[in-house]
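Accompanying notes for the structure given below.
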2 protein chains.
Amino acid sequence: MSAQLLGHLSRFVALKEEDQAGILAFFQRKHVKKKDNLLEEGRICKHHYFIEQGCLRLFFVNEKGVEQTTHFAIENWWLTDYLAFQSQQTTGFYIQAVENTQVLAIDWHAQERLLAQYPCLERYFRLVYQRAYGADQLRIKYLYAFSREELYSHFSTHFPEFIQRIPQYLLASFLGFTPEYLSEIRKKKRS
Amino acid sequence: MSAQLLGHLSRFVALKEEDQAGILAFFQRKHVKKKDNLLEEGRICKHHYFIEQGCLRLFFVNEKGVEQTTHFAIENWWLTDYLAFQSQQTTGFYIQAVENTQVLAIDWHAQERLLAQYPCLERYFRLVYQRAYGADQLRIKYLYAFSREELYSHFSTHFPEFIQRIPQYLLASFLGFTPEYLSEIRKKKRS
DNA sequence: CGGATCGTTGATCAACTTCAACGGTCGTGG
DNA sequence: CCACGACCGTTGAAGTTGATCAACGATCCG
């Protein structure tokens, strides 16, 4: 039983005891192995994922064939390609497990029915999206405000536990530069 | 009477005729002159703005004193610093009118009461935020995928009407480079 | 008319990429 | 349990992209 999702829901809205099982029934639990994809470019983006345990990344492949990671998500975060999910169209992104990961998946129709049946969850998602959108506003500010080197410093002081968790080449990709340059930055810091 | 906001609401949720005046009563209309600020760094971010007519930009001032525009918003878009708005804390952003602009403003407490009184608006804002968040995901993808020059080409082919509407130095700031470099790109395109 | 604002130009400079090569480590099969 | 290969991080040289600075022109508006 996912105390995880129910716990997260109840941080934002009041849930009746009797509704809990009904809500969970809309979700499917999936176990994804490290490096396996939940979503691939060109496919319809059918699902919205809640991470119970583990870590996912959202990335795309640029015209040179290089993977560019744009988002990470860990426990208690939701992830999908929201434009493609909302319109139920094909995506330009991949979603891949960074570690062995356990998610709750809900497809678009099920989410619509879930929200129709439990209207208080409209509020839950409004708040979750509001926070996520605000976080991306700040993220964009950082992308404009900082040089690549400053981005690394900022990230490594604010999210040190994350640095431990993900390999360097993914971090470099997320920060928007090459693994080689990350190496150079780290060398400078050391000396 | 704002047919504008009611029209936008009804594109996402069904509104009862009799609720319309009640909803509008929560908002204050403001006229902002070109270059006037609706929000300034260090202030509490009290309001959420819906643009009836005109154009706003969200920007911050970097450590060199240069203004960096991160978002534009035009008719039928909402704008605020969402993290600061949600937590009712101080902001690191400015909101400024690019043109003479007419907005509907609602403060945080009023928005909470509005949503409590008209729960169907939770759904409206969920959908609006979902779309805005999805748009920012795509925006971040472009920031990673394109060189500055490609960003300009992409933007000018996809939003030509916008290029007309805003001065070049704001466009350069939004695309993340200097006005001088934009000049150079435009020269190259011409020849 | 006069000043401020905005766009342009060209020279120099810093940040970051690209490419090629090497070394360590980890997991897997023999 | 060792050996091999794949994967990942590092290094250094050369090349690009875009920033910076200073100066000049155009335009707009009071």
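Residue numbers start from 1 in every chain, and the chains themselves are labelled A, B, ... in the order their sequence lines are given, proteins ahead of strands.
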Next on the checklist: Measuring from the side chain of Thr178(A) (C-beta onward, heavy atoms only), which nucleotide among dT18(C), dG18(D), dT20(D) has the closest atom?
Outcome noted: dT18(C)
Checklist entry - dA19(D), dC21(D), dC8(D): which one has an atom nearest the side-chain heavy atoms of Glu180(B)? => result dC21(D)
Checklist entry - Between atom NZ in Lys189(B) and atom C1' in dT8(C), what is the gap in whole Å? => result 18 Å
Checklist outcome for this item: In Arg165(B), Lys33(B), Lys35(B), Arg57(B), the residue satisfying salt bridge (charged side-chain N to carboxylate O under 4.0 Å, His left out) with Glu99(B) is Arg165(B)
Checklist entry - Less than 4.0 Å between a side-chain N and a carboxylate O, is that true for Glu112(B) and Arg126(A)? => result yes
Checklist entry - Out of dT20(D), dC8(D), dG10(C), which has the shortest distance to the side chain of Lys187(B)? => result dG10(C)
Item to check | For atom CD1 of Ile166(A) and atom C1' of dC8(D), their distance in whole Å | outcome: 14 Å
Next on the checklist: I need the CD-P distance between Glu184(B) and dT16(D), as an integer number of Å.
Outcome noted: 15 Å
Checklist entry - Can you tell which of dG7(C), dC16(C), dA19(D) lies closest to the side chain of Tyr169(B)? => result dG7(C)
Checklist entry - In whole Å, what is the span from the CZ atom of Arg148(B) to the P atom of dA15(C)? => result 15 Å
Item to check | Rounded interatomic separation in angstrom, taking CZ from Phe177(A) and P from dG9(D) | outcome: 13 Å
Item to check | Option passing ring pair (Phe, Tyr, Trp, His ring centres under 6.0 Å) with Tyr133(B) (candidates Tyr133(A), Phe85(A), Tyr82(A), Phe125(A)) | outcome: Tyr82(A)
Checklist entry - When Trp78(B) is tested against each of His48(B), His8(B), His71(B) for ring pair (Phe, Tyr, Trp, His ring centres under 6.0 Å), which residue passes? => result His48(B)
Next on the checklist: If I take atom CD1 in residue Ile185(A) and atom P in nucleotide dA14(C), what distance separates them, rounded to the nearest angstrom?
Outcome noted: 18 Å
Item to check | Transitive ILVMFWY side-chain link Tyr142(A) to Val61(B), under 4.5 Å | outcome: no
Checklist entry - Glu149(A) side chain: which of dG18(D), dC16(C), dC8(D) is closest? => result dC16(C)
Next on the checklist: From C-beta outward on Ser183(A), which listed nucleotide comes closest to its side chain: dT8(C), dT20(D), dG9(D)?
Outcome noted: dG9(D)
Checklist entry - Would a distance-only check, ignoring hydrogens and angles, find a side-chain to backbone donor-acceptor pair under 3.5 Å from Asp107(A) to His47(A)? => result no
Item to check | Gap between atoms CD and P, on Gln168(A) and dG24(C) respectively (whole Å) | outcome: 17 Å
Next on the checklist: So for the helix from dC1(C)-dG30(D) to dG30(C)-dC1(D), with five pairs setting each end axis, what is the inter-axis angle to 10°?
Outcome noted: 40°
Checklist outcome for this item: Atom CZ of Arg186(A) and atom C1' of dG12(D) are separated, to the nearest Å, by 18 Å
Checklist entry - Can Gln4(B) and Glu52(B) be counted as having a side-chain donor-acceptor contact under 3.5 angstrom? => result no
Item to check | Proximity to the side chain of Lys64(B) - top-ranked nucleotide from dG9(D), dA19(D), dT20(D) | outcome: dT20(D)
Item to check | Closest listed nucleotide, where the reference is the side chain of Tyr181(B) and the choices are dC6(C), dG18(D), dC8(D) | outcome: dG18(D)
